[in-house]
Amino acid sequence: KIIILVNRRGYTPFVLCASCGYMYRCPKCSAGLVSHENDASRAKRLICHHCRYVEKNPQDICPECHGFLTGFSGVGTEKVAEAFKQILPSHAFFSFDSDTVRTPKKEEETLKQFVGSSQGVLVATELIFKHPLPQLDASLMMDADRMLNIPDFGSEERVFRMIRMLGVSSKHVYICTRDSTRPIFGYINTPEKFSERDNGARERYGYPPFVELTKITYAHSSKESIETTMTTLVNRMREFVTNNHLGALFEISDPSPAFISKINRRFYYHILLRLKKSSAEITDDDLRARNRLLSLVPRGFTINIGTSSIL
């Protein structure tokens, strides 16, 4: 029994022109379109995983330079399954991602079928870690570099945790990477040393658990309007901090676009508010000051206190 972890749904996550580098993007979002393939007809569709926009039968001609070298780049669950079916033709294959197992009942059924198979391969996304993993002969993490390169303070810890979970259930764990010298791989069998290194970086750069991090998000159809609104809010919050002599306690970032900055024709921006104490050090007075500061945020914003991601 084998689990192959591929943290991208679809056939390939990017569609690029090899001549000019043009990437097919969703017309309503800032995200790239993901190639999906129909099992029966082999027809490809480009789908946005954020607003569900669909482009059927994409043309081979690049709309930018009119070249004929448009290609599908990267690997998703569908492409990995296709390749491994050729390598392991006697194995039963099961897919476990949010496209193929859309309900908890379907998740349980798929896992039961995989566990009951004499020779099975489960091609899964991170969704699999919602469930206890069965005993495995081997597990394979595809494209660890992409997950490690996500610009978020928790990216390394997340990948490390997944590798460790695979290791508990698997006789052998294989990791696909272009850089095996990354420090994270040297700590796989010494989690306490990884935690020491990760916590050192978080403390240095001001991330949890050494600060309380609040993400304030606003979305609007006009980029100019959202930038003006967010800048006005930041100035009001900083003025409050200055007037109340709270500069040693709070830090407010400039407004910045979200990692996926546009979804369904709406722009998304974030402000990060740091309360510069660990949870064990925060007092009731600190919380009251933080809540007074957050009361300046108008209606229509999303406030995520203790956020685990800055994306």
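Here, residue 1 is the first one in the sequence, and each next residue gets the next number.
Here the side chain of Ser253 pairs a donor or acceptor atom with the backbone of Leu272 at under 3.5 angstrom. No side-chain donor-acceptor contact under 3.5 Å links Thr231 to the backbone of Thr228. Of the possible polar contacts, none joining the Arg52 side chain to the His49 backbone as a donor-acceptor pair under 3.5 Å is found. The backbone N or O of Arg292 lies less than 3.5 Å from a partner atom in the side chain of Ser295, making a donor-acceptor pair. Remark: side-chain polar atoms of Thr307 are paired, donor with acceptor, to backbone N or O of Ser309 under 3.5 angstrom. Looking at Thr190, its side chain never comes within 3.5 Å of a backbone N or O of Lys193 through a donor-acceptor pair. Ser169 places no side-chain N or O within donor-acceptor distance of the main-chain N or O of Leu136, the cut-off being under 3.5 Å. With Arg25 contributing its side chain and Ser30 its backbone, the two residues share a donor-acceptor pair below 3.5 Å. Between the side chain of Arg274 and the main chain of Gly206, a donor-acceptor pair closer than 3.5 Å is present. Not a single donor-acceptor pair under 3.5 Å links the side chain of Ser170 to the backbone N or O of Gly167.
Nearest approach of Val234 to Ile252, heavy atoms of both residues: CG1-CG2, 4.3 Å. The two residues Cys29 and His50 come nearest to each other via the heavy atoms SG-CB, 4.3 Å. Minimum interatomic distance between Phe93 and Ala81 (heavy atoms only, all atoms of both residues): CE2-O, 4.1 Å. Residue Pro89 comes nearest to Gln86 through the heavy atom pair CD-O, 3.7 Å, listed as atom of the first residue, atom of the second, then distance. Between Ser155 and Leu148 the shortest heavy-atom distance is CB-O, 4.2 Å. Nearest heavy atom pair, residue Asp152 against residue Ser308, reads OD2-O, 4.1 Å.
Thr283 is linked by a side chain to side chain donor-acceptor pair (under 3.5 Å) to Asp286, counting only residues two or more places apart in sequence or in another chain. In terms of the ring pair (Phe, Tyr, Trp, His ring centres under 6.0 Å) criterion, Phe240 has no residue partners (sequence neighbours excluded). Legend: residues meeting side-chain contact (heavy atoms from CB on, under 4.5 Å) with Thr103, ordered by chain and number and at least two apart, are Lys105, Lys106. For Thr217, the side chain to side chain donor-acceptor pair (under 3.5 Å) partners two or more places apart in sequence, or in a different chain, are His270. Taking Thr125 as the reference, Asn7, Arg9, Thr77, Asp97, Leu127 meet the side-chain contact (heavy atoms from CB on, under 4.5 Å) condition, with sequence neighbours excluded.
Legend: salt bridge (Lys or Arg N to Asp or Glu O under 4.0 Å) pairs involving residues 206-229, not counting sequence neighbours, sorted by first then second residue: Glu212-Arg290. The list of salt bridge (Lys or Arg N to Asp or Glu O under 4.0 Å) pairs with a residue in residues 294-311, not counting sequence neighbours, is empty. Within the structure, salt bridge (Lys or Arg N to Asp or Glu O under 4.0 Å) contacts touching residues 156-166 (residues at least two apart or in different chains) are Glu126-Arg158, Glu156-Arg197, Glu157-Arg202. Note on residues 176-230: pairs passing ring-ring contact (aromatic ring centres under 6.0 Å, His included), not counting sequence neighbours, are Phe153-Tyr207, Phe160-Phe194, Tyr218-Phe301. Screening residues 230-243 for salt bridge (Lys or Arg N to Asp or Glu O under 4.0 Å), with sequence neighbours left out, gives Arg238-Asp254.
Phe129 has its side chain within reach of Met162: a pair of non-hydrogen atoms, C-beta onward, lies under 4.5 Å apart. Using a 4.5 Å cut-off on side-chain heavy atoms (C-beta onward), Glu107 and Arg102 make no contact. Within the 4.5 Å cutoff, the side chain of Ile305 has heavy atoms near those of the Ile303 side chain. Looking only at side-chain heavy atoms (C-beta outward), Leu46 and Val34 stay at 4.5 Å or farther from each other. With contacts defined as side-chain heavy-atom distances shorter than 4.5 Å, the pair Ser139/Ile4 does not qualify.
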Practice item. Apply side chain to side chain donor-acceptor pair (under 3.5 Å) to Asp179 and Thr177, showing your working. Key: CA-CA 5 Å; Asp179 183 6; Thr177 176; 6.0 Å; no

**Study point:** Check against side chain to side chain contact (heavy atoms under 4.5 Å, CB included), Thr214 and Asn304
**Key:** CA-CA 5 Å; Thr214 298; Asn304 187 347; 5.9 Å; no

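Hydrophobic cluster of Phe259: the remaining members, joined at side-chain heavy-atom separations below 4.5 Å, are Ile150, Ile260, Ile263, Tyr268, Leu311, listed by chain and number. Counting side-chain heavy-atom gaps under 4.5 Å among Ile, Leu, Val, Met, Phe, Trp and Tyr, the cluster of Ile47 also holds Val54.
To the nearest 0.5 Å, atoms CZ (Arg265) and SG (Cys51) are separated by 8.0 Å.
Here Tyr22 and Tyr24 bring their ring centres to under 6.0 angstrom of each other.
Between Asp137 and Lys171, at least one side-chain nitrogen of the basic residue sits less than 4.0 Å from a carboxylate oxygen of the acidic one, meeting the salt-bridge criterion. Salt bridge annotation for Arg45-Glu55: absent, with no cationic side-chain nitrogen under 4.0 angstrom from a carboxylate oxygen.
Hydrophobic clustering (ILVMFWY, side-chain heavy atoms < 4.5 Å, transitive): Leu233 and Leu294 are in one cluster. Under the 4.5 Å side-chain heavy-atom criterion for ILVMFWY residues, no single connected hydrophobic cluster contains both Val123 and Ile3. Transitive grouping of hydrophobic side chains (ILVMFWY, heavy atoms separated by less than 4.5 Å) keeps Ile2 and Leu122 in distinct clusters.
With hydrogens and angles left out, the side-chain atoms of Glu281 and Ser278 include a donor and acceptor closer than 3.5 Å.
The side chain to side chain donor-acceptor pair (under 3.5 Å) test with Arg288 is passed by exactly one of Asp285, Asp284, Asn291: Asp285.
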